[in-house]
Amino acid sequence: MQDIVPPKRRIGRRSIPTLQSEPEPQTESHGSGGTWEKPPRRSPKFGLWIIAFIALISLAFAISFLFSGATVTVFPKKQDVHIDGTAIAKKDALPDELSYEVMTIEHTGSGTVSSTGEEDMEEKASGRIVIYNEYNSANQRLIKNTRFETPEGLTYRIRSSVVVPGRTSDGGKIVPGSIEVTVYADEPGEKYNISLTDFTIPGFKGSPQFNKFYARSKTAMTGGLFGKRLTVDSTVLKNEQDRIHDEIKQQIQSDAQTQVPDGFYLFNSAIATEFESLPRVDHRDTVEVREKVVLYGILISKSEFARHIAVNTVAGFDGGDVRLTDTDNITVRFSDEERLWEQEEISLDIVGATTVIWNYDAEKLAGDLSGRSKDALTTVLSGYPSIERAEAVIRPFWKGSFPEDSAEVKIVEVTQ
């Protein structure tokens, strides 16, 4: 039994798991034995943000240059005024005087009424002619019943005096003065119903004016009658004429306001209308009544009217170019002379309030500012006495000078 040696007990060693540590950062060696750590890789999104930011800044710069320019807000010199006085307006005014012109508009209308019978009738033909003055630059008055003669010897007359304007010059070419009037045959009868023709003025025969004053038809001569004509009840005829007049008058007054030339005022108190019965046309048992309405409007130059008000209301007026904000609060009453539009000069009473504003050349101002420093605005404005002050905004905001192109300098006026 001693020879038997019991086996030794072997205790098995249980393996213990080891924790894995994070990989150490890689290092690179240098010649001197030193090492440096490789930086960690950055996220791709960071680079995209950088690109987007740069793109946004570039876009902002591009837009700012796209909308570059300058806006200059101008406050012109102005003065509130009240006027109560009388002025004289002339057809041939001197440079410092108030002038006027005449606007003429014609409309015709017709209606039909029943006839009541037949009667013997004598009617004189009539029509429109244009009288020309090539003689000189002076106006020429032709008295009532002045004769106009055709080459065939037929005579027509005007029934009221007229003034024929003098001739003018356009580029060295003589432009005759002219006026349109109605003439009436010397005698009744159909032989005076003629087509378009030329006329001489027998009253000038033997004088230098004879060949320089003449007339030409604007319309045919019609209405001459010596015989029977259909009759119409006088009350019915008058009512129909009044109806036609009212209808045409409304239309012609509306047209007048739309046909006022630029740069002129047409005051309601300076509008007059005349009515003329045209030759009637007989049908089987009805009569066509024909009427003509002529509107005469007195036109006053806006610039001259503003200057007249400034001279008479602004103390120490400097004679500058001015305008009025409006004339809504101004009443203009014209003299009650007969046929106002034929007078050489007319009187007008002016009462009311308005604002006088001094004009300036906006295009020149933009040109004077272009390419200049923003600080030069005050210096430039010193050459514009009609401007009280101005404010400038330049885009983009960091630019310190106005654009080189004057078209990019916008002028905005404030008169309130």
Side-chain angles (χ1 to χ4, degrees), residues 90-93 99-106 108 122-170 172-226 272 274-279 292-296 298 337-346:
K90 301 179 180 180
K91 277 188 176 179
D92 295 312
S99 65
Y100 83 92
E101 297 182 20
V102 180
M103 177 177 70
T104 305
I105 304 177
E106 292 184 8
T108 59
E122 295 182 359
E123 286 285 348
K124 294 181 178 181
S126 64
R128 301 286 285 178
I129 65 172
V130 179
I131 308 171
Y132 294 95
N133 174 7
E134 282 188 6
Y135 181 65
N136 58 20
S137 59
N139 294 343
Q140 175 69 52
R141 178 176 292 276
L142 301 180
I143 64 174
K144 178 181 178 180
N145 289 326
T146 295
R147 293 173 296 157
F148 295 85
E149 190 175 78
T150 69
E152 293 75 25
L154 299 178
T155 301
Y156 300 78
R157 299 176 185 264
I158 54 176
R159 291 183 175 177
S160 59
S161 66
V162 297
V163 176
V164 186
R167 73 185 187 188
T168 57
S169 179
D170 184 8
K173 181 180 179 181
I174 293 178
V175 180
S178 64
I179 187 172
E180 184 177 328
V181 298
T182 299
V183 292
Y184 300 85
D186 243 9
E187 299 175 358
E190 288 87 345
K191 75 174 183 177
Y192 285 89
N193 296 334
I194 61 174
S195 58
L196 305 184
T197 187
D198 292 337
F199 299 83
T200 57
I201 303 177
F204 284 138
K205 189 169 290 186
S207 71
Q209 289 96 319
F210 182 73
N211 293 321
K212 297 297 183 178
F213 279 89
Y214 55 91
R216 288 174 178 161
S217 297
K218 182 70 180 288
T219 66
M221 299 292 157
T222 59
L225 174 67
F226 192 87
E274 282 193 336
F275 305 101
E276 180 182 342
S277 295
L278 300 176
K292 178 172 67 177
V293 177
V294 183
L295 178 144
Y296 298 95
I298 304 298
E337 297 181 47
E338 183 181 358
R339 300 182 69 83
L340 186 66
W341 53 93
E342 292 183 352
Q343 307 304 317
E344 293 301 310
E345 60 180 51
I346 55 179

- If you measure from CD1 on I179 to CD1 on I129, what distance do you get to the nearest 0.5 Å? 10.5 Å
- Item | V130/Y132 under side-chain contact (heavy atoms from CB on, under 4.5 Å): CA gap, chis, key distance, verdict | CA-CA 6 Å; V130 179; Y132 294 95; 3.5 Å; yes
- Donor-acceptor contact below 3.5 Å, side chain N193 vs main chain A220: no
- Message: I need the minimum non-hydrogen distance between K124 and P188, along with the two atoms involved.
- Response: CG-N, 3.8 Å
- Measure centre to centre between the rings of Y156 and F148, then say whether the value is under 6.0 Å. no
- Query: Side-chain contact, heavy-atom cut-off 4.5 Å: N139 with E344?
  - Reply: yes
- Interatomic distance, CE@M103 vs CD1@I298, rounded to 0.5 Å, equals 10.0 Å
- Step-by-step side-chain contact (heavy atoms from CB on, under 4.5 Å) determination, L225 to E190: CA-CA 5 Å; L225 174 67; E190 288 87 345; 3.6 Å; yes
- Query: Is a salt bridge present between E276 and K292, judged by a nitrogen-to-oxygen distance below 4.0 Å?
  - Reply: yes
- Task: Can you establish whether the number of heavy atoms outside F226 located under 6.0 Å from its atom CZ is more than 12?
- Result: no
- Item | Interatomic spacing from CZ in R159 to OG in S126 - rounded to 0.5 Å | 7.5 Å
- Query: Would a 4.5 Å heavy-atom cut-off, applied to side chains only, mark E106 and E180 as touching?
  - Reply: yes
- Heavy-atom closest pair (P176 atom, E134 atom, distance to 0.1 Å) is CB-CG, 3.4 Å
- Query: Considering only heavy atoms from C-beta outward, does the side chain of V102 approach that of K91 to under 4.5 Å?
  - Reply: yes
- Item | Gap between atom CG of L142 and atom CD of Q140 - 0.5 Å precision | 6.0 Å
- First locate atom CZ of R157, then atom OH of Y184, and finally report the distance between them rounded to the nearest 0.5 Å. 14.5 Å
- Task: Could you give me the CA-CA distance, side-chain angles and deciding distance for D198 and Y214, then say whether side-chain contact (heavy atoms from CB on, under 4.5 Å) is met?
- Result: CA-CA 8 Å; D198 292 337; Y214 55 91; over 6 Å; no
- Could you state the interatomic distance from CE (M221) to CG (L196), rounded to the nearest 0.5 Å? 8.5 Å
- State, with a plain yes or no, whether a side-chain heavy atom of Y296 is found less than 4.5 Å away from one of E274. yes
- Side chains of R128 and T182: is there a donor and an acceptor less than 3.5 Å apart? yes
- Closest non-hydrogen contact found for Y192 with T155 is CE2-O, 3.7 Å
- Query: Does S217 reach the main-chain N or O of T197 with its side chain, forming a donor-acceptor pair under 3.5 Å?
  - Reply: yes
- Identify the heavy atoms of R141 and S161 that sit nearest to each other, and give their distance. NH1-OG, 3.2 Å
- Message: Looking at N136 and G166, would you say the former's side chain and the latter's main chain have a donor-acceptor pair under 3.5 Å?
- Response: no
